[in-house]
Amino acid sequence: MPRRSSTARVALAGPVAPLSPRLHAYGIDALAGFVVTDANGLAQAVARGAKAWAFAPFGRIVHRRRDGGDDAIR
């Protein structure tokens, strides 16, 4: 397996990316994912056939960085 440069930065991003800070121990510098705040609303939208771009009213994007400059997950 190729090794990354010591100066390379690695990000894991996506709507279902795990936001666990434990991933920083594996070399991931930044995490970004979607946190659902209105599960019922999202479930209804999905049942009506909503596409991923229409999920925004039902949650928010959260970022976590290794250096601690991350959004709070509430």
- [ ] Look only at the side chain of R66 and the backbone of H24, and say whether a donor-acceptor pair between them is shorter than 3.5 Å.
- [x] yes
- [ ] Look at the side chain of D29 and the backbone N and O of V10, then say whether any donor-acceptor pair between them is shorter than 3.5 Å.
- [x] yes
Task: P18: partners by side chain to side chain contact (heavy atoms under 4.5 Å, CB included), with sequence neighbours left out - done: L12, L23
Task: Pairing residues for R48 by the side chain to side chain contact (heavy atoms under 4.5 Å, CB included) criterion, not counting sequence neighbours - done: Q44, A45
TODO: Kindly compute the distance separating CZ (R65) from CG (L31), expressed to the nearest 0.5 Å.
DONE: 11.5 Å
TODO: Decide yes or no for F55 and V46: does some side-chain heavy atom of the first lie under 4.5 Å from some side-chain heavy atom of the second?
DONE: yes
Task: Side chain to side chain, D38 and L42, heavy atoms closer than 4.5 Å - done: no
Task: Shortest non-hydrogen contact between A17 and A32, atoms and distance - done: CB-O, 3.3 Å
